[in-house]
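One structure is given here, and the rest of the page talks about it.
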Amino acid sequence: MPRATKFLKEDIIEAASAVVKKEGLSAINARRVAKELGCSVQPIFYQFENMEDLRQATILHIQKIYQSYMIEGSKEELAYRGMGLAYIRFAKDYPDFFKILFMGDSKISPTEFIEKDNMGNQILEKGAEFTGYDRTEQEAFHLKVWIFTHGIASMVATGTVAFTDEQIEELLTDTVRQMKIGSMYDKKPTES
């Protein structure tokens with residue numbers, strides 16, 4: 001009799017992530033993940049107490065994929081721009097993952113939404129390097145940039161508009177440059 005294959009937690013999470021990528025988060029159930037793995041449901045319940053635990057582990061895995069995109073973007077010479085492009089690239093490469101992380105029904109303020117992003121502090125730091133603003137000024141500036149960037153990413157993730165990589169890069173670069181110029185003019189002179 002052939003020896004049974006042992007599946008690690010990571011194998012099951014990868015299979016669940018593959019299901020989400022193809023069919024969305026609601027498609028995760030024991031039978032569907034087992035089918036992706038090519039096994040019975042037994043290994044899933046051996047590694048996870050219940051399906052909610054697997055869903056949470058899958059979401060954490062999705063967040064790690066997103067973080068890897070953002071870290072790569074931060075390595076570009078213009079890191080703030082690179083991170084914006086990485087955010088959009090993640091939406092393009094993993095639309096269902098993007099929707100799970102960034103298009104849910106959270107009903108929170110834009111500022112809270114940015115703070116909730118586990119890459120938020122790094123994005124603000126790279127933005128401050130680009131603009132030269134202090135933390136408060138950078139938060140206000142980034143809010144505008146994020147709304148614009150998130151709009152493009154959402155259109156890409158939903159397939160509303162098909163942008164080429166060149167169009168995305170040009171839109172983001174030109175718009176952020178104009179926002180920076182505009183916000184410099186909006187700054188009130190310091191009193192001596």
Side-chain angles (χ1 to χ4, degrees), residues 4-76 79-127 142 146 149-160 163 165 168 172:
T5 305
K6 184 170 181 174
F7 291 96
L8 302 173
K9 268 190 169 185
E10 294 76 22
D11 300 325
I12 297 167
I13 292 167
E14 283 289 337
S17 297
V19 170
V20 173
K21 187 174 183 186
K22 295 175 200 169
E23 303 167 36
L25 190 62
S26 63
I28 290 184
N29 64 56
R31 285 190 178 149
R32 181 63 189 90
V33 175
K35 182 179 177 186
E36 188 72 25
L37 284 166
C39 67
S40 72
V41 299
Q42 187 178 4
I44 295 166
F45 292 112
Y46 178 76
Q47 295 289 352
F48 294 92
E49 195 169 313
N50 55 48
M51 289 309 296
E52 185 54 32
D53 286 348
L54 177 55
R55 279 187 195 89
Q56 291 307 314
T58 303
I59 290 170
L60 185 60
H61 179 71
I62 290 167
Q63 288 172 335
K64 288 178 182 175
I65 294 170
Y66 164 68
Q67 286 175 332
S68 71
Y69 270 66
M70 298 304 283
I71 290 167
E72 278 305 305
S74 73
K75 293 176 183 175
E76 291 189 20
Y80 188 55
R81 176 178 152 271
M83 293 178 91
L85 292 170
Y87 185 80
I88 297 166
R89 198 173 307 115
F90 174 72
K92 185 176 185 179
D93 293 348
Y94 294 97
D96 284 318
F97 292 3
F98 182 84
K99 290 173 194 172
I100 289 165
L101 296 182
F102 300 112
M103 294 181 72
D105 189 17
S106 62
K107 305 235 185 322
I108 57 177
S109 74
T111 304
E112 290 171 315
F113 192 96
I114 292 167
E115 289 169 358
K116 187 179 130 190
D117 181 345
N118 54 11
M119 293 298 293
N121 279 330
Q122 293 94 320
I123 296 167
L124 288 170
E125 287 169 12
K126 295 300 181 185
H142 180 67
W146 171 78
T149 306
H150 183 72
I152 293 173
S154 297
M155 286 188 280
V156 167
T158 58
T160 304
F163 292 108
D165 291 343
I168 291 169
L172 192 60

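As the structure is a computational prediction, the values presented were derived from the model and not from experiment.
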### Message
Please determine whether a side-chain nitrogen of the Lys or Arg among Glu112 and Lys116 lies less than 4.0 Å from a carboxylate oxygen of the Asp or Glu.
### Response
no
### Query
Does a side-chain N-to-carboxylate-O contact under 4.0 Å join Arg89 and Glu72?
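Not counted as a salt bridge, because no side-chain N and carboxylate O are separated by less than 4.0 Å.
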### Message
Is it the case that the ring center of His142 lies less than 6.0 angstrom away from the ring center of Trp146?
### Response
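Centroid separation for Trp146 and His142: 6.0 Å or greater.
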### Query
How about Tyr66 and Phe98: are their ring centroids closer than 6.0 Å?
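For Tyr66 and Phe98, the ring centres are not under 6.0 Å apart.
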Do [X] and [Y] come close enough that some side-chain heavy atom pair is under 4.5 Å?
X	Y	value
Ile13	Phe48	yes
Gln47	Asp11	no
Val156	Ile168	yes
Gln122	Met70	no

How far does [atom1] of [X] sit from [atom2] of [Y], to the nearest 0.5 angstrom?
X	Y	atom1	atom2	answer
Leu54	Asn29	CG	CG	10.0 Å
Ile28	Ser17	CD1	OG	7.0 Å
Glu36	Glu14	CD	CD	10.5 Å
Asp53	Met51	CG	CE	10.0 Å
Ile88	Lys92	CD1	NZ	10.0 Å

Over all atoms of both residues, closest heavy-atom pair of [X] and [Y]:
X	Y	answer
Ile44	Ala34	CD1-N, 3.6 Å
Gly84	Leu172	C-CD2, 3.6 Å
Ala157	Pro95	O-CB, 3.3 Å

For [X] and [Y], indicate whether the former's side chain and the latter's backbone hold a donor-acceptor pair under 3.5 Å.
X	Y	result
Glu76	Arg81	no
Ser154	Gly151	no
Arg55	Leu25	no

### Query
Under 6.0 Å from the six-membered ring centre of Phe97 and within 45° of its axis: does the NZ or CZ of Lys21 meet both?
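Geometry flag: not set, cation outside 6.0 Å or 45°.
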### Query
Under the salt bridge (charged side-chain N to carboxylate O under 4.0 Å, His left out) criterion, do Glu23 and Arg32 qualify, and how do the steps go?
CA-CA 10 Å; Glu23 303 167 36; Arg32 181 63 189 90; 2.7 Å; yes
### Verdict with supporting geometry, Gln56 and Glu52, side chain to side chain donor-acceptor pair (under 3.5 Å)
CA-CA 6 Å; Gln56 291 307 314; Glu52 185 54 32; 2.6 Å; yes
### Task
Using ring-ring contact (aromatic ring centres under 6.0 Å, His included) as the criterion, point out the one residue from Phe102, Tyr94, Tyr80, Tyr69 that pairs with Tyr87.
Phe102
